[in-house]
Amino acid sequence: MSFSHTEVPAAFRGRGIGERLVEGIFRLARERGQRIVPACGFVADWAHRHPGYHDVLAAPEGARR
């Protein structure tokens, strides 16, 4: 799964909604045995801060797992 953009409406920012959205995406991908390509900066930053979900990240192009 590739996520190129995530956005929370301005009126709802700062409430952790984006964090919960991305965590839900990672949980769902893990349950389904899928991998995530974090093309969105917010998703990539979230993944970097949550190493417990690194197993869900797709290997970089040309890399082997």
Side-chain angles (χ1 to χ4, degrees):
M1 298 187 327
S2 178
F3 292 91
S4 60
H5 182 74
T6 56
E7 186 171 343
V8 173
F12 298 105
R13 290 185 186 149
R15 299 180 189 181
I17 294 170
E19 294 275 334
R20 291 193 306 267
L21 172 69
V22 174
E23 183 175 9
I25 290 167
F26 271 74
R27 285 184 181 195
L28 183 61
R30 181 181 277 158
E31 288 172 13
R32 294 180 174 182
Q34 296 175 311
R35 298 286 179 253
I36 292 178
V37 176
C40 167
F42 184 84
V43 175
D45 289 344
W46 186 93
H48 180 74
R49 292 190 317 272
H50 296 86
Y53 284 97
H54 285 182
D55 62 299
V56 183
L57 293 172
E61 187 101 5
R64 291 184 168 228
R65 283 194 168 220

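If you read the sequence from its start, that first residue is 1, and numbering goes on from there. As the structure is a computational prediction, the values presented were derived from the model and not from experiment. Worth knowing before you read on, the calculation uses all heavy atoms, side chains too, and leaves out hydrogens, waters and symmetry mates.
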Pairs touching residues 31-50 that satisfy ring-ring contact (aromatic ring centres under 6.0 Å, His included), sequence neighbours left out
Phe26-Trp46, Trp46-His50, Trp46-Tyr53
Closest non-hydrogen atom pair between Ala39 and Ser2, with its separation
CB-OG, 4.1 Å
Under a 4.0 Å N-O cut-off, is there an ion pair linking Glu23 with Arg27?
yes
Output side-chain donor-acceptor pairs under 3.5 Å for residues 3-10, partner residues at least two apart or in another chain, one line each.
from	atom 1	to	atom 2	distance (Å)
His5	NE2	Glu7	OE1	3.0

Group every Ile, Leu, Val, Met, Phe, Trp and Tyr by side-chain heavy-atom contacts under 4.5 Å, then state whether Val22 and Met1 land in the same group.
yes
So do the side chains of Arg35 and Leu57 get within less than 4.5 Å of each other, counting heavy atoms only?
no
Report whether Val37 and Ile25 are members of the same hydrophobic cluster (ILVMFWY, side-chain heavy atoms less than 4.5 Å apart, transitive linking).
no
Does anything in residues 45-54 pair up under salt bridge (charged side-chain N to carboxylate O under 4.0 Å, His left out), and if so which pairs, sequence neighbours excluded?
Glu19-Arg49
